[in-house]
There are 2 protein chains.
Amino acid sequence: MPAPSEHRQAGSPGTEKSLRLTTLPEGHPCGRCAVRAATICGTLKAKELGHFKSLSSSGYAEPSQCLFHEGDPAQLVYSITSGSLKLYRLLPDGRRQIAAFPQAGDFLGLTLEKVHAYTAEALEPVEYCRFPRQRFDAFVDEHPEMGRELYLMAAHELAAAREQMVLLGRKTARERLASFLLTLFDRARCRNADWEIVRLPMTRTDIADHLGLTKETVSRTFTSLRRTEMIALLPGERVELLQRRRLEQLACGELG
Amino acid sequence: MPAPSEHRQAGSPGTEKSLRLTTLPEGHPCGRCAVRAATICGTLKAKELGHFKSLSSSGYAEPSQCLFHEGDPAQLVYSITSGSLKLYRLLPDGRRQIAAFPQAGDFLGLTLEKVHAYTAEALEPVEYCRFPRQRFDAFVDEHPEMGRELYLMAAHELAAAREQMVLLGRKTARERLASFLLTLFDRARCRNADWEIVRLPMTRTDIADHLGLTKETVSRTFTSLRRTEMIALLPGERVELLQRRRLEQLACGELG
DNA sequence: CGGTTCGTTGAAGAAAATCAAAACTCGTGG
DNA sequence: CCACGAGTTTTGATTTTCTTCAACGAACCG
């Protein structure tokens with residue numbers, strides 16, 4: 001079992017900057033992004049946006065800093081403007097499950113409970129906007145149309161979580177890694193150009209804790225995918241997609 | 001790998017009956033239920049409820065009948081009024097992952113996509129209300145306060161799905177079964193009296209496909225929990241909780 | 001009563017975990 | 001510029017957990 005990670009630094013508050021609840025291209029032909037881009041920003045009229053903006057402050061977190069920890073009172077809501085994080089839960093003996101790797105454009109900390117159920121830890125330098133939870137909730141109450149947008153976000157995350165359930169419950173190690181890499185490629189393609197190269201900001205251990213494997217198995221599986229020439233491993237923790245079709249077949253279980 | 005299940009009967013339309021989007025006790029001191037109870041019904045004024053009601057028709061499904069299949073156009077939204085179902089996804093070779101076991105009070109078919117990503121199959125006789133998707137969406141558009149309620153539902157299901165990710169990614173067979181049984185006990189306690197007995201409407205294979213195990217492992221694990229006297233297996237596919245505390249410790253990984 | 005499905009149990013096998021160690025990366029500082 | 005050292009990745013050998021295969025008994029049903 002992996003050792004528990006112990007980081008307790010607070011995210012350092014930054015100076016006020018322009019409010020961007022999403023950094024995504026607004027009309028991009030990617031379902032996930034399209035919904036995100038429509039979220040919040042598109043919903044609010046100029047005057048209301050100003051009011052909303054006044055609720056926020058911006059901040060910055062170093063790699064391995066946590067925006068919040070499992071068990072912390074959920075007092076703030078975060079909107080990531082750049083960088084990426086891991087969102088995880090620890091079992092008492094240190095076993096860890098990473099639920100997601102949130103990126104720019106994602107909301108964090110929107111729990112219904114009084115405390116956070118997950119820890120959000122930066123993988124890279126992260127910029128974010130922060131909203132006091134109470135004022136955020138009050139704002140949502142005053143602007144019913146926000147409810148719909150929050151619903152769209154939650155529904156998307158639910159779909160992703162259930163997809164991950166299929167992966168964790170029924171896929172082999174190769175299928176898991178193939179699926180994971182494809183989601184990364186799709187997320188990258190959605191934001192950037194059609195590069196078939198992504199950088200992995202997370203370690204093998206992080207990937208293992210996301211896919212329900214060990215770091216050794218993840219490493220061996222990378223090697224296996226490289227040997228069969230579906231991907232290439234480039235310097236700088238980057239991965240190139242060589243055969244999308246075969247990787248897709250593998251990911252959904254149509255390939256040995 | 002388990003053999004694929006092949007059922008293609010349609011849910012039989014029933015006669016008009018009183019609209020109940022939830023059958024849960026409205027003031028029950030259970031978080032999950034409280035939110036559900038507040039959902040929809042509590043949101044609409046009498047006149048609007050009448051309009052909403054006029055959009056629905058009620059129906060009935062036999063065990064093993066499907067309300068909808070993975071890949072079907074998502075034309076209807078369902079609200080379960082009695083009975084329970086399994087919501088699952090099949091891989092091409094027949095591997096199956098059951099995402100959830102929806103019950104009375106749950107909504108089904110609320111996908112953002114054009115088609116359903118999961119199959120909903122009745123475990124027991126199921127009564128439900130049906131709403132044409134388009135009219136449901138239009139209604140939600142006209143009643144912004146509905147968005148907030150949908151968000152609460154989605155957020156709850158997201159929390160449950162992520163809990164299941166921890167289970168599938170990092171728990172042992174015993175821990176998985178313990179966690180699963182506890183959610184069943186909690187759901188039952190929320191609805192009924194404080195009986196520590198639940199009936200399992202699903203087969204061992206269904207449980208296995210929910211927990212990422214095989215039916216043999218599930219069976220062995222039931223035996224193991226029975227031998228250590230945490231639970232008792234009663235006639236009629238019923239399970240009695242004997243030592244809640246120990247089962248809870250086991251479920252969250254504090255026990256061998 | 002035979003047929004089917006479901007649940008349990010046993011024995012053998014496999015995928016991934018664990019244990020162990022070498023190779024690589026990258027920042028630091030001599 | 002290169003050597004050092006901590007952390008990460010890769011690879012190998014062994015073990016474990018769960019799966020697979022197989023058999024049998026119980027419940028159910030026309």
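In what follows, chains carry the letters A, B, and so on, assigned in the order in which the sequence lines appear, proteins first and then strands, with residues in each chain numbered from 1.
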Give the rounded distance in Å between these two atoms: [atom1] of [X] and [atom2] of [N].
| X | N | atom1 | atom2 | answer |
| --- | --- | --- | --- | --- |
| A:R95 | C:dA16 | CZ | P | 19 Å |
| B:L200 | C:dG7 | CG | P | 9 Å |
| B:L225 | C:dT8 | CG | P | 12 Å |
| A:L213 | C:dT18 | CG | C1' | 14 Å |
| A:R176 | C:dA17 | CZ | P | 8 Å |
| A:L233 | C:dA23 | CG | P | 19 Å |
| A:F222 | D:dT11 | CZ | C1' | 16 Å |
| B:R170 | D:dT17 | CZ | C1' | 14 Å |

key: Pair B:T228, B:R174: side-chain N/O donor-acceptor within cut-off below 3.5 Å   =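 Result is yes, a qualifying pair exists.
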Nearest-nucleotide 5' precedence on DNA chain C, A:T217 against B:V218 =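 Checking each residue's closest nucleotide, the 5'-ward one belongs to B:V218.
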Nearest of [options] to any side-chain atom of [X]?
| X | options | result |
| --- | --- | --- |
| A:R204 | D:dT20, D:dT10, C:dT8 | D:dT10 |
| A:R220 | D:dT9, D:dT11, C:dT9 | D:dT11 |
| B:T214 | C:dA17, D:dT11, D:dT19 | D:dT19 |
| B:A173 | C:dA16, D:dC18, D:dT9 | D:dC18 |
| B:E216 | D:dC18, D:dA22, D:dT11 | D:dA22 |

request  = Pick base, sugar-phosphate or nothing for B:T203, based on heavy-atom distances below 4.0 Å to the nucleic acid.
outcome  =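 It contacts sugar-phosphate atoms only.
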query = Contact class for B:G212 vs. all strands (heavy atom < 4.0 Å): base, sugar-phosphate, or nothing?
reply =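 Sugar-phosphate: the residue B:G212, judged by heavy atoms under 4.0 Å, touches backbone atoms but no base.
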ask   = Any ion pair linking A:E157 and B:R162 (charged N to carboxylate O, less than 4.0 Å)?
value =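 So B:R162 pairs with A:E157 through a salt bridge.
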ask   = Between B:R130 and B:Q75, is a side chain to side chain contact (heavy atoms under 4.5 Å, CB included) present by the stated rule, with each step listed?
value = CA-CA 10 Å; B:R130 246 177 334 198; B:Q75 290 162 337; over 6 Å; no
Value rounded to 0.5 Å, distance of CZ in A:F180 from CG in A:L211 =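 Reported value, rounded in 0.5 Å steps: 6.0 Å.
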query = Side-chain N or O of A:T223 less than 4.0 angstrom from OP1 or OP2 on D:dT11?
reply =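 Yes, because at least one side-chain N or O of A:T223 sits under 4.0 Å from OP1 or OP2 of D:dT11.
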task = Indicate the ring-plane relationship of B:Y78 and B:F68, choosing parallel, tilted or perpendicular according to the 30° and 60° boundaries.
result =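 Rings of B:Y78 and B:F68: tilted, 30 to 60°.
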